[in-house]
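Owing to the predicted nature of the structure, the values given are computational and were not obtained by experimental measurement. Start at 1 and go down the list; that is how both ligands and their atoms are numbered.
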Amino acid sequence: MISVNFVCLGNICRSPMAELIFKKLVEERGLSGSFEITSRGTSDYEEGNGIYPSAKKTLEKHGISGTHVSRQLTKKDVINSDYVLVMDSSNLMDVLRLTGGEYGEKIFKLCSFTSKPRDVADPWYTRDFEKAYSDITDGCACFLERVLNERAEEIAYDKRH
Ligand code: 4NP
């Protein structure tokens, strides 16, 4: 099982969008059995809250539905994840602060896997949920290609059993 944890600041906009987008990509490939996918926030600002309505609406416009309840990231979550995929440089610094600089080898910016590495700007501030959706979709698709290569043997094994 490959565990992927998407991380942003509030865990009500970008990271739950990434969680649901990536779940759909994985489902479409018939690979749900190989992945454990969730999301967390570096802050507790929105703890217990659902996906922000504009984020949910944007996902639904693109045929993606689902729910998530905001939870703050812990060091244990990082230890238990194979990949911690953050949205921007500020998230990256916050996660490394949480881990005391450890586990850097599994913490990546989501869009670092794309041909145009960049931050996913926070739509909570920009109000541009479509841009967040397209950056996250690009990042998720490129990350999936990477992980299919990196973990090919394990995924092929899961498919046989
Ligand atoms: P997110 O956006 O990190 O993409 O979930 C935010 C949501 C809420 C807050 C900040 C960012 N907030 O300050 O409550």
*Take atom NZ of Lys57 as the centre, draw a 6.0 Å sphere, and report whether it contains more than 12 heavy atoms from other residues, nucleotides or ligands.*
no
*asked:* Students should be able to answer this: which protein heavy-atom is nearest to atom 3 (O) of ligand 1, and at what distance?
replied: Gly10 N, 2.8 Å
*Could you tell me the residue and atom name of the protein heavy atom closest to atom 13 (O) of ligand 1, and the distance to it rounded to 0.1 Å?*
Tyr45 CD1, 3.5 Å
*Does some non-hydrogen atom of Tyr52 fall short of 4.0 Å from ligand 1?*
no
*Using 30° and 60° as the class limits, which term best fits the ring planes of Phe22 and Phe143: parallel, tilted or perpendicular?*
tilted
*Protein contact of atom 10 (C) of ligand 1 - nearest heavy atom, named by residue and atom, plus distance*: Trp124 CD1, 3.5 Å
_Cationic N near anionic O, under 4.0 Å, Glu153 to Arg160_ = no
*Within a distance under 4.0 Å of any heavy atom of Tyr125, pick out the atoms of ligand 1 and give their elements.*
10 (C), 13 (O)
_From CA spacing to verdict: side chain to side chain contact (heavy atoms under 4.5 Å, CB included), Ile2, Ile155_ = CA-CA 9 Å; Ile2 300 164; Ile155 290 167; 3.9 Å; yes
*Identify, for atom 14 (O) of ligand 1, the protein heavy atom at the shortest distance, and state residue, atom and that distance.*
Glu46 OE2, 2.9 Å
*Closest non-hydrogen protein atom to atom 5 (O) of ligand 1, residue and atom name please, with distance?*
Cys13 N, 2.9 Å
*asked:* Could you identify the single nearest non-hydrogen protein atom to atom 1 (P) of ligand 1 and state the distance to 0.1 Å?
replied: Cys8 SG, 3.5 Å
*Among protein heavy atoms, which sits nearest to atom 4 (O) of ligand 1, and what does the distance come to when rounded to 0.1 Å?*
Arg14 NE, 2.8 Å
*Which ligand 1 atoms are under 4.0 Å away from a heavy-atom of Leu9?*
3 (O), 10 (C), 11 (C)
*asked:* Does atom CZ (Arg151) have a neighbourhood of more than 12 heavy atoms from anything else shown, all under 6.0 Å?
replied: yes
*Parallel, tilted or perpendicular: ring planes of His62 versus Tyr133, cut at 30 and 60 degrees*: parallel
*Check ligand 1 against Ile12 and write out every atom of the ligand that is under 4.0 Å from a heavy-atom position of the residue.*
5 (O), 7 (C), 8 (C)
_Do the side chains of Arg71 and Asp77 get close enough for a salt bridge, i.e. N-O under 4.0 angstrom?_
no
_Counting only heavy atoms closer than 4.0 Å, does ligand 1 sit against the backbone of Asp122, its side chain, both, or neither?_
side chain
*For Ala55 and Ile12, which heavy atoms make the closest approach, and how far apart are they?*
CB-O, 4.1 Å
